[in-house]
Novice: 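Quick one: the structure is below, questions incoming.
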Number of protein chains: 2
Amino acid sequence: MLSKKCKYAIHALVYLAERYQQGPVHIQEIAERQHIPKKFLEAILLELRNAKVLNSKKGKGGGYYLFKKPEDVNLIEIIRLMDGAIAMLPCVSLNYYEPCEECRDEKTCGIRDSFLGVRDETLKILRESTLAKIVKREKALSKK
Amino acid sequence: MLSKKCKYAIHALVYLAERYQQGPVHIQEIAERQHIPKKFLEAILLELRNAKVLNSKKGKGGGYYLFKKPEDVNLIEIIRLMDGAIAMLPCVSLNYYEPCEECRDEKTCGIRDSFLGVRDETLKILRESTLAKIVKREKALSKK
DNA sequence: TTTAATGTCTATTAAATCTATAGACTTATT
DNA sequence: AATAAGTCTATAGATTTAATAGACATTAAA
């Protein structure tokens, strides 16, 4: 399961994607509208800023805004930043690889293959899930 | 990521699947061979027993053995028993469904779809990953 | 029938992680 | 100068995970 932090991040980013190129939005507003504890959200947005997904403007009239284009931010990137590995086992993780302690020999491990498959399929879907597509989908669904 | 408990369970079950219908194997042996803390393993095997995946024999010469057929135990079942939901969001979970707190309206949520897709692909692969197949794969790999 | 080997069960502890909050500091605008 | 923002460090509380301890129950064999 994704952590709350990660879910908060996704919701905040979608919110900002809907307001792309409309100037900075302040934390308070995002927190209220998305029901996210403000202080927690602060830490999240800061991380996303340091990762250059967001940018911010300080001082009066300041706030956060999407730095990358909505079509260039996908769920893989967000999840990795917030929760770390996407794979279900460390030994099949691309970005957070670690040998499995429990495994005596990775090469002859019959378990890995399944999780390699899961990882690949998961990445395939999450890679295609950009903020742009999510916003588009949201609009399409609410028009029905 | 899967918990250690879950990884231990998978390894223990594979070990027992390799010895299917060869009589009970005692905890001590599984613990030693798979490098699992014995007391922790006890709790795990007990849960698997209560779920009728394993069965046990008490007393001298006792131990655990696979109750279901190796081809009838897949990774979905094991993961659900040990770690709970497989989906990345509660709102797309089949067995552990809960509405997302962060979501104002599930019907118009543009995020769900992606995770629904991930869940379906994940289940598809894990459903096919039975103990029988894992053991078979293991043997094939070690012959190379 | 005793003994030893084994699983069963309840409780507890230690460590790690997740979630949330507090408060002082910095920067930009008016 | 005053005010409205974000930045940063620290920490507290809650929850979950991992591991351990010890008393109890059952079975088989001696």
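Chain letters run A, B, ... following the sequence lines, proteins first and then strands; every chain starts at 1. Keep in mind that what you see is a predicted model, and the values were worked out from it rather than measured.
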Novice: Contact class for B:I27 (heavy atom, under 4.0 Å): base, sugar-phosphate, or nothing?
Specialist: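 B:I27: backbone/sugar contact only, no base atoms under 4.0 Å.
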Novice: Examine D:dA28: is either OP1 or OP2 under 4.0 Å from a nitrogen or oxygen in the side chain of B:K57? Give yes or no.
Specialist: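 Answer is yes, contact under 4.0 Å.
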Novice: With a 3.5 Å cut-off and no angle check, do the side chains of A:Q22 and A:Y65 form a donor-acceptor pair?
Specialist: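 Per modelled atom types, A:Q22 and A:Y65 side chains form no pair under 3.5 Å.
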Novice: What's the closest nucleotide to the side chain of B:P37 if the choices are D:dA19, C:dC9, D:dG6?
Specialist: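 Taking heavy atoms from C-beta onward, the closest nucleotide is D:dA19.
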Novice: Check whether any side-chain N or O of B:N74 sits under 3.5 Å from a backbone N or O of B:E77 as a donor-acceptor pair, and report yes or no.
Specialist: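 Yes, because the side chain of B:N74 sits within donor-acceptor range (under 3.5 Å) of the backbone of B:E77.
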Novice: It should be established whether A:S3 places a side-chain nitrogen or oxygen under 4.0 Å from OP1 or OP2 of nucleotide C:dT19.
Specialist: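 The answer is yes; a side-chain N or O of A:S3 sits under 4.0 Å from OP1 or OP2.
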Novice: Below 4.0 angstrom from OP1 or OP2 of D:dA19, is there any side-chain N or O of B:Y8?
Specialist: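 So the side chain of B:Y8 is within the cut-off, an N or O lying under 4.0 Å from OP1 or OP2 of D:dA19.
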Novice: Nearest of D:dA18, C:dG7, D:dA21 to any side-chain atom of B:K4?
Specialist: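 Nearest to the side chain of B:K4 among the choices is D:dA18.
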Novice: For the side chain of B:K58, starting at C-beta, report the closest nucleotide among D:dT27, C:dT29, D:dT20.
Specialist: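 Nearest listed nucleotide: D:dT27.
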Novice: Excluding sequence neighbours, so at least two apart, what forms salt bridge (charged side-chain N to carboxylate O under 4.0 Å, His left out) with B:E138?
Specialist: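 Result, salt bridge (charged side-chain N to carboxylate O under 4.0 Å, His left out) vs B:E138: none returned.
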Novice: The side chain of A:K60 is closest to which nucleotide in this list: D:dA4, C:dT19, D:dA18?
Specialist: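 The nucleotide sitting nearest to the side chain is D:dA4.
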Novice: Salt bridge (Lys or Arg N to Asp or Glu O under 4.0 Å): which pairs involve residues 38-56 of chain A, sequence neighbours left out?
Specialist: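 Salt bridge (Lys or Arg N to Asp or Glu O under 4.0 Å) check on residues 38-56 of chain A returns A:K5-A:E47, A:K39-A:E42.
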Novice: Taking the side chain of A:H26 as its heavy atoms from C-beta onward, which of C:dG7, C:dC9, D:dG6 lies nearest to it?
Specialist: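 Among C:dG7, C:dC9, D:dG6, the one nearest the side chain of A:H26 is D:dG6.
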Novice: Applying a 4.0 Å non-hydrogen cut-off, can you work out what A:E42 is touching in the nucleic acid: base, sugar-phosphate, or nothing?
Specialist: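 Answer is base: heavy atoms of A:E42 come under 4.0 Å of a base.
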